[in-house]
Protein chains: 2
Amino acid sequence: MNEQDARKHFIKYTRSSGLRVTPERLEVLDCVLAWEGHFEADSLFLHLKTHGSKVSRATVYNTLSLLHKCGIVSRYRFSEGYSQYERTAGRPHHDHMICTQCGKIIEFENRRVVRLQDVLCTAQKFKPTYHSFQIFGVCQTCRGEKD
Amino acid sequence: MNEQDARKHFIKYTRSSGLRVTPERLEVLDCVLAWEGHFEADSLFLHLKTHGSKVSRATVYNTLSLLHKCGIVSRYRFSEGYSQYERTAGRPHHDHMICTQCGKIIEFENRRVVRLQDVLCTAQKFKPTYHSFQIFGVCQTCRGEKD
DNA sequence: CTCGGTGCAAATGCTTTGCAATGTC
DNA sequence: GACATTGCAAAGCATTTGCACCGAG
């Protein structure tokens, strides 16, 4: 799903849910689609604010939740206290390694994870919707190793 | 690690960290070790309170954090807003499937998960400390299926 | 026109903290 | 005895909500 598709998908999803497509929601959507990497709700809000947008914090949270529901962003809870988001549209599925020293996030593709998930869920007669696989540890840089 | 070992380990860890072994901390520890399954900090606090303990909420949170640091309890964030804990001592490592309809938690052993983690981390030159693998979906009962 | 959306600020709910009294080491 | 810990209530923090005005459909 590219940026254009994501926009169309969002509009379609919103309308078909009996919700309204407002300029504020589109502002948030565009900001999300342009954002590389992970971000927090408040960073997005501040970015919009410092770029002249009048969108309120409440609307940012509301819209992120909507974007999450329609699959355009993923939501994570790597650390205590706050959520991190990332655009899903136009990117392959993946999971994360989080360095507990510097906070760096390494992404890894999850074909094998999905395969394992399928095996595990079949065994438990559980119908999976999505998963969250996070590996915490120390990255190469923080260990100060050459290789 | 059984219950006795856990107690010893906790006392040793606490002392060697320059912290003090207080009756309140031991009360929380004992309650945790006796608790089957997952629990929230506040449930533990209320349980202690209704059983005559004078331990405060602050101490419960403080001690759970300490128990987490020394590896006696695991801490999860399955849903928004609050943490869930479970005793680690004396139990095999495992991961979780969470039913998004009824909240039921299914545990599954994670030998394969650990193996996969090792392969992935080697590829990224990342030194894993621990992982969190959660599968969200719908359980058999909620799907209303016989098998 | 009708409702859902918006901004604002106040509220929420879990968790942490400040402080004076207490008790461990 | 020194100083970490305790209980209490108040503060913090990310997120949500109530309400009066606004505007999409």
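If you're wondering where the values come from, they're calculated on a predicted model, not measured in any experiment. Here is how names work: the chains are called A, B, and so on, in the same order as the sequence lines, proteins then strands, and each is numbered from 1.
Put simply, CZ on B:Arg25 is 11 Å from C1' on C:dT24, counting in whole angstrom units. Rounding to whole angstrom units, CZ of residue A:Arg15 and P of D:dA24 are separated by 11 Å. B:Leu26 has its CG atom 14 Å from the C1' atom of D:dT6, to the nearest Å. For B:Phe45 and C:dT15, the CZ to P distance is 13 Å, given to the nearest whole Å. Distance A:Gln84 CD to D:dT15 P: 10 Å, rounded to the nearest Å. Atom-to-atom, OH of A:Tyr82 to P of D:dC13 comes out at 13 Å; the value is rounded to the nearest Å. Nucleotide C:dT6 holds its C1' atom 12 Å from the CD atom of A:Glu27, rounded to whole Å. If you measure from atom NZ of A:Lys54 to atom P of D:dG23, you get 14 Å, rounded to the nearest angstrom.
For A:Arg57 (side chain) and A:Phe45 (main-chain N/O), no donor-acceptor pair under 3.5 Å exists by modelled atom type. At least one donor-acceptor pair closer than 3.5 Å links the side chain of A:Thr88 to the backbone N or O of A:Ser74.
Each of B:Arg57 and B:Gly18 lies near DNA chain D, and the nucleotide nearest B:Gly18 is the one positioned closer to the 5' end. Looking at which nucleotide of DNA chain C each of B:Leu19 and A:Ala58 is closest to, the 5′-most match is held by A:Ala58. Of the two residues contacting DNA chain D, namely A:Val21 and A:Asp42, the nearest-nucleotide position lying further toward the 5' end is that of A:Asp42.
With hydrogens and angles left out, the side-chain atoms of B:Glu27 and B:Ser53 include a donor and acceptor closer than 3.5 Å.
Side-chain N/O atoms of B:Ser83 include none lying less than 4.0 angstrom from OP1 or OP2 on C:dC14. Checking the phosphate oxygens (OP1, OP2) of C:dT16, no side-chain nitrogen or oxygen of B:Tyr61 falls inside 4.0 Å. At the phosphate of D:dT6, OP1 or OP2 sits under 4.0 Å from a side-chain N or O atom of B:Asn62.
In the set D:dG25, C:dT24, C:dT15, C:dT24 carries the atom at the smallest distance from any side-chain atom of B:Thr22. Closest to the side chain of B:Thr59, from the set D:dT6, C:dT16, C:dG7, is D:dT6.
For B:Arg111, the CZ atom counts as loosely surrounded, since its 6.0 Å shell holds 12 or fewer non-hydrogen atoms of other residues, nucleotides or ligands.
Rounding to the nearest 0.5 Å gives a distance of 8.5 Å between NZ of A:Lys49 and NZ of A:Lys54.
For A:Arg20 and C:dG5, a side-chain-to-base donor-acceptor distance below 3.5 Å is absent, hydrogens and geometry of angles not being considered.
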